[in-house]
Amino acid sequence: MNMIEPAPVRKSVTVRTSPQQAFDVFVSGMGTWWIKGHSLTQSGQKTVVVEAVAGGRWYEIGNAGEECEWGRVIACDRPNRILFDWQLNADFDYDPGLHTEVEVLFEANGEGGTTVILEHRHLEKYGVKAKEMRGIFDSENGWGGLLASYVEKAAA
């Protein structure tokens with residue numbers, strides 16, 4: 001039986017800043033733009049940490065100091081690209097056995113700005129929930145809203 005795999009979620013935004021600055025706000029500043037309501041911690045999100053090296057951790061720190069793993073950094077090439085291993089299951093719980101990828105590219109657009117392209121792929125790994133999860137990731141509650149928040153922060 002041949003299952004049709006869900007297409008990756010692809011989003012693109014433009015920020016009026018250099019690729020270096022766009023990359024740094026996205027990666028080092030993730031805790032400043034990630035929507036606080038999108039938190040896995042009991043006490044609410046204090047910040048999000050990306051260790052921007054291959055094999056680095058990607059996690060959230062709650063207001064009470066607890067840590068919740070989100071995944072890992074697979075590859076990091078500042079200021080051009082970062083590739084994450086997103087390891088949150090359909091209940092948004094950390095699952096070390098689940099591997100979907102979020103790749104973010106930062107491309108100078110020739111007008112002093114940067115085009116930021118995000119792709120969340122391998123969504124078929126969610127099995128029966130794949131189509132539902134793709135819908136969530138593709139929505140304003142998903143990458144759409146997160147990238148809008150990022151654009152606001154990057155422009156500031």
| request: Decide if the gap between the ring center of Tyr59 and the ring center of Trp70 is smaller than 6.0 angstrom. | output: no
Rounded to the nearest 0.5 Å, the CG atom of Leu105 sits from the CG atom of Leu118 at a distance of 9.0 Å
N/O donor to acceptor pairs below 3.5 angstrom from side-chain atoms of residues 123-133, sequence neighbours left out:
from, atom 1, to, atom 2, distance (Å)
Lys125, NZ, His99, O, 3.3
Tyr126, OH, Trp86, NE1, 3.2
Tyr126, OH, Leu88, O, 2.6

Of Val25, Leu147, Val116, the one forming a side-chain contact (heavy atoms from CB on, under 4.5 Å) with Val15 is Val116
Q: Give a yes or no on whether the backbone of Asp91 and the side-chain of Asn89 come within a donor-acceptor separation of less than 3.5 Å.
A: yes
Taken to the nearest 0.5 Å, the spacing of Arg72 CZ from Leu83 CG works out to 14.0 Å
Do the side chain of Lys46 and the main chain of Gly31 share a donor and acceptor less than 3.5 angstrom apart? no
Rounding to 0.5 Å, atoms SG (Cys68) and CZ (Phe92) come to a distance of 13.5 Å
TODO: Determine, for Arg81 against Asp77, whether the closest basic-nitrogen to carboxylate-oxygen distance falls under 4.0 angstrom.
DONE: no
- [ ] Take Glu101 and Ile74 through the side-chain contact (heavy atoms from CB on, under 4.5 Å) test and state the conclusion after the steps.
- [x] CA-CA 9 Å; Glu101 290 181 357; Ile74 298 171; 4.0 Å; yes
Open item on the list: Regarding Arg16 and Glu111, does a basic nitrogen lie under 4.0 Å from an acidic carboxylate oxygen?
Closed with: no
Closest non-hydrogen atoms of Gly71 and Tyr94, given as atom of the first, atom of the second and distance, are N-CE1, 4.2 Å
Nearest heavy-atom approach of Thr100 to His120 is OG1-NE2, 2.9 Å
message = Determine whether a donor-acceptor pair (N or O, by modelled atom type, separation under 3.5 Å) exists between the side chain of Ser39 and the backbone of Lys36.
response = no
message = If hydrophobic clusters are built from ILVMFWY residues whose side chains come within less than 4.5 Å, do Val53 and Val102 share one?
response = no
To the nearest 0.5 Å, atom CD of Glu67 lies from atom OG1 of Thr41 at 11.0 Å
Are Lys11 and Asp138 ion-paired here, with the side-chain N under 4.0 Å from a carboxylate O? yes
Look only at the side chain of Glu60 and the backbone of Leu40, and say whether a donor-acceptor pair between them is shorter than 3.5 Å. yes
Taken to the nearest 0.5 Å, the spacing of Glu69 CD from Trp58 CH2 works out to 11.5 Å
So OG1 of Thr32 and OH of Tyr150: to nearest 0.5 Å the spacing works out to 10.0 Å
**Prompt:** Is there a donor-acceptor pair closer than 3.5 Å between any side-chain N or O of Asp24 and the backbone N or O of Ser28?
**Reply:** no
Say whether, by atom type as modelled, one donor and one acceptor occur between the side chain of Thr114 and the main chain of Ala108 under 3.5 angstrom.
no
In short, Ala52 meets Cys76 closest at the heavy-atom pair O-SG, 3.3 Å
| field | Check: Pro96 main-chain N/O paired with Gln87 side-chain donor or acceptor under 3.5 Å | value | yes
Between Val151 and Thr14 the two heavy atoms that sit nearest each other are CG1-O, 4.2 Å
Q) Are any side-chain N or O atoms of Glu51 and backbone N or O atoms of Arg57, one a donor and one an acceptor, separated by less than 3.5 Å? A) yes
Quiz item: Passes side-chain contact (heavy atoms from CB on, under 4.5 Å), Phe23 versus Asn80? Steps please.
Solution: CA-CA 8 Å; Phe23 182 96; Asn80 305 303; over 6 Å; no
* Distance flag, aromatic centroids of Phe26 and Trp33, threshold under 6.0 Å -> yes
| said: With a 3.5 Å distance limit and no angle check, can you tell me whether Asn63 reaches the backbone of Ser43 through a side-chain donor-acceptor pair? | reply: yes
| task | Using the rule that two of Ile, Leu, Val, Met, Phe, Trp, Tyr join whenever any of their side-chain heavy atoms come within less than 4.5 Å, decide whether Leu146 and Val49 are in one cluster. | result | no
- prompt: Can you hop from Ile117 to Val73 via hydrophobic side chains spaced under 4.5 Å?
  reply: no
